[in-house]
Amino acid sequence: MTQTPVRLHTWLRLQREDVPLAARADALCRALRGCPEVRQAYYLSWLPGARIYGHEGSGQHLPPGQGDPMQASDEELFARLEVEGRLGLDQVRQLDCWLAGRLRRAAISHGQAFDLALVPGQPGLLLVDVREDVSLDWLGWLHELLSTLLASVSGLLRASPLLGLDPQPSLLLDAEAHPLELNAALLAMLGELPLAEVLRFLPVNHASLVRASLEQSRAIEGVEAECGERMLIWTYIPDPQERRVLARCREATAQIRAEREAARARRLYRLITENTTDLISRHTPDGRFLDASPASWTLLGYWPEELRGQLAQCLFHPQELAQLVQRARDALEQDGYHTMTYRIRHRAGHYLWFETASRAIRETYTGAVVEVVSVSRDITARVQAEENRRRLAEVVEANTDPVLFVDPAGLITYLNPAARRALKLGVRDAMPALAQVFAPDDLARISREGWSTAERKGVWNLDARLHPPGGGASVPVSMVLLAHTAAGGERYYSLVARDMTERELREAQQRRHQDELAHTARLVTLGELASGIAHEINQPLAAVVNYASASQRYLQSLASNPKAADRVAQGLERITEHANHASEVIKRLRAFLRKGQRKMQALDVAEVAREAVRLCVWEASASQVAIVEQLPENLPPVYADRVLLEQVLLNLLRNAIDANREAHPGQDSVIVLAARPEVEGRLAIEVRDQGPGLDEAELARIFTPFYTSKPDGLGLGLSMSRSIIEGFGGSLDGEPGEEGGLLMRCRLPLQ
């Protein structure tokens with residue numbers, strides 16, 4: 001079935017159903033536009049009051065004419081059509097009428113205008129614009145056909161009055177689901193769309209629905225169809241005798257979307273309710289559970305079914321019960337909303353902190369509270385964190401150590417009372433700048449190392465001094481710099497400083513005691529070396545005596561011996577040499593035995609080591625021990641006290657001499673004294689002996705005070721030596737030698 005007969009059939013049915021003129025005009029123009037020869041069709045009805053033709057229907061309109069609309073008139077055209085019935089459009093364009101100007105402005109010239117009344121007694125004209133290659137004789141036939149059809153329609157009964165008068169879009173379908181007729185409402189819905197597009201408005205399975213309706217002789221209702229943004233609900237009503245189906249639809253876009261949104265909202269609400277970590281619950285006005293979300297199991301250990309009918313107050317902490325219930329009832333009754341924080345009992349018996357927001361649901365007419373909806377969440381961790389922060393704040397405030405908070409820009413934002421006391425600041429004094437609190441060197445080190453190290457490792461240590469901004473004595477502190485991240489991601493730092501004034505006093509006193517003990521040890525060492533020292537001094541003194549006696553004899557023989565004067569001169573020269581030697585020995589002893597403040601200075605290790613060797617060379621010779629020096633030239637200097645370092649080396653050498661004498665009595669043996677720089681920025685001094693060595697247990701104890709393997713030893717030499725070296729920032733350790741004996745290694749930092 002082609003579209004044009006269906007369109008004409010639809011137009012004729014609308015004519016029979018006596019539908020409004022606009023619907024008839026739309027149906028007729030749509031049927032004509034379906035003809036391939038027709039470019040456009042317009043139906044215009046005569047307006048007696050305005051004396052012009054006016055458009056009918058929702059189709060495309062002609063443009064307005066030229067001139068004053070108040071003077072517009074189509075009376076000449078109306079009179080011609082009454083007489084002649086139809087006119088060519090080229091003739092109409094020549095008339096002095098309003099429509100002629102409208103045709104000229106629309107550039108329409110090939111076609112005809114028919115005198116055609118779609119409503120009896122209401123004149124009108126049908127304007128048909130055809131293609132240039134179409135003969136106008138065909139239009140005469142079309143005019144006769146339409147006039148005949150109109151004449152025949154007026155004598156026919158209405159075959160389907162419901163179709164034409166139905167305000168809902170409707171159409172008749174044959175048994176094969178092909179459209180037979182469309183009513184005016186459906187034509188209006190189609191608008192300018194071709195008639196074939198009506199199938200887009202039908203459900204995708206409309207053919208099956210038509211067959212099912214006819215076969216089962218029943219109406220099929222509530223079938224949804226989508227056409228773009230529009231949503232329709234169709235009803236199929238069968239006519240078994242005529243083997244056709246009346247399909248009616250109603251616009252349901254808003255309804256279906258609302259239903260879908262409601263269903264989506266219900267699904268979303270259910271998903272949120274079932275999956276949220278918060279407890280959503282409904283209660284009677286007296287607090288009895290009506291329902292609860294599944295989060296009740298996670299939070300309280302109860303399934304929702306177990307809570308229904310139970311009073312919520314039964315789970316409250318006894319200390320808060322009465323106050324909470326009364327306050328909640330008053331707030332809900334007065335304001336309709338209440339938020340409270342309280343403790344609630346878990347099924348396991350322990351209590352949790354909850355925060356609950358409740359809203360009252362009121363009866364529409366009386367305003368009485370009929371239900372309460374609550375949303376509760378577990379805030380135990382938050383409450384505990386706040387309590388911990390409160391306690392920490394109290395600890396910081398009460399801490400006797402100064403605590404300072406510093407922002408990333410280096411500005412001090414907080415000082416605890418101990419810090420204010422240390423800096424001599426009052427409660428209302430402004431925060432000082434960091435540069436006012438620390439010395440330039442300390443501040444430079446903090447800027448250079450402190451911030452970056454604290455960021456990387458979380459903590460950084462520094463010994464510094466706090467300077468009161470208003471002046472006064474500085475305070476020595478051992479400071480810890482900590483890096484923190486706030487809840488919002490901001491970085492800040494805290495400085496925790498411990499007052500080290502007492503420690504400085506103790507360390508100074510300890511150094512004095514250590515220096516006195518070291519001096520005592522030197523006296524003891526000197527006593528043990530007394531015989532060797534006496535021998536070293538007696539030798540030059542004996543030589544002085546001998547040379548003096550010889551010089552006296554030569555003086556007595558000056559008259560008889562011409563060489564006597566030269567001999568006396570040589571003797572005096574030798575006397576001077578040996579006297580200077582004795583003087584150097586005494587100077588070394590006095591320097592070794594001096595008592596006073598330690599003097600830290602850059603030292604040549606090789607020179608200090610040779611001085612230590614000279615002090616014990618006689619003792620080594622007496623024990624047949626040779627000291628081999630492996631001391632390279634141009635060793636890097638170390639920073640230490642000369643006398644104390646010489647004392648340590650002398651102690652190590654004398655211990656090595658004793659070990660060699662014990663292992664090789666009456667035999668020759670060797671001690672190696674070596675020095676070398678290491679890659680760690682240190683210089684190592686080693687003393688290797690050929691003694692009996694020590695096992696692991698003895699090695700672990702040799703630096704313990706008062707432990708000794710010598711029958712007449714005090715056990716303080718190595719302990720004191722290690723303390724001295726560690727005071728220089730170095731270390732002293734012992735280990736078995738590669739060829740037996742013992743290796744003592746002293747490491748000192750380079751200057």
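Shown here for Leu299 and Thr277, the closest heavy-atom pair between the two residues is CD1-O, 3.5 Å. Taking all atoms of both residues into account, the shortest heavy-atom contact from Lys424 to Gly471 is CD-O, 4.1 Å. Counting all heavy atoms, side chain and backbone alike, Leu173 lies closest to Leu180 at C-CD1, 4.0 Å. Listed here is the closest heavy atom pair of Ala331 and His338: CB-ND1, 3.4 Å.
Taking Ala207 as the reference, Ala177, Arg211 meet the side-chain contact (heavy atoms from CB on, under 4.5 Å) condition, with sequence neighbours excluded. Residues meeting the side-chain contact (heavy atoms from CB on, under 4.5 Å) test with Arg382, sequence neighbours left out: Glu355, Ile379, Glu386. Every residue two or more places apart in sequence or in another chain that forms a side chain to side chain donor-acceptor pair (under 3.5 Å) with Arg250 is listed here: Gln255. Every side-chain contact (heavy atoms from CB on, under 4.5 Å) that Ala263 has, sequence neighbours left out, goes to Arg266, Arg267. With sequence neighbours excluded, the residues that form a side chain to side chain donor-acceptor pair (under 3.5 Å) with Ser374 are Ser358. Phe354 is linked by a ring-ring contact (aromatic ring centres under 6.0 Å, His included) to nothing, counting only residues two or more places apart in sequence or in another chain. Not counting sequence neighbours, His346 has no partner by the side chain to side chain donor-acceptor pair (under 3.5 Å) test. Listed by chain and number, the residues in a side chain to side chain donor-acceptor pair (under 3.5 Å) with Arg747 are Glu678 (sequence neighbours excluded). Phe201 is linked by a ring-ring contact (aromatic ring centres under 6.0 Å, His included) to nothing, counting only residues two or more places apart in sequence or in another chain. In this view, Gln319 and His317, Arg343 satisfy the side-chain contact (heavy atoms from CB on, under 4.5 Å) rule, not counting sequence neighbours.
Under the ring-ring contact (aromatic ring centres under 6.0 Å, His included) criterion, the residue pairs touching residues 375-430 are Phe405-Tyr414, with sequence neighbours excluded. Sorted by first and then second residue, the pairs that involve residues 270-299 and meet ring-ring contact (aromatic ring centres under 6.0 Å, His included), not counting sequence neighbours, are His283-Phe289, Trp297-Trp303.
Between Tyr492 and His484, the angle of the ring planes stays under 30°, which puts this pair in the parallel group of the 30/60° scheme.
Within the 4.5 Å cutoff, the side chain of Cys249 has no heavy atoms near those of the Gln168 side chain. A heavy-atom distance below 4.5 Å is not found between the side chains of Leu209 and Trp234.
Partner of Leu404 under the side-chain contact (heavy atoms from CB on, under 4.5 Å) criterion, out of Asn416, Ile412, Thr413: Ile412 alone.
For Glu387, the CD atom is densely surrounded, since the number of other residues' heavy atoms within 6.0 Å is greater than 12. Within 6.0 Å of CZ on Arg377 lie no more than 12 heavy atoms contributed by other residues, nucleotides or ligands. Few gaps surround CD on Glu394; more than 12 heavy atoms of other groups in view lie less than 6.0 Å from it.
In the model, Glu363 has a side-chain atom that pairs as donor or acceptor with a side-chain atom of Thr366 under 3.5 Å.
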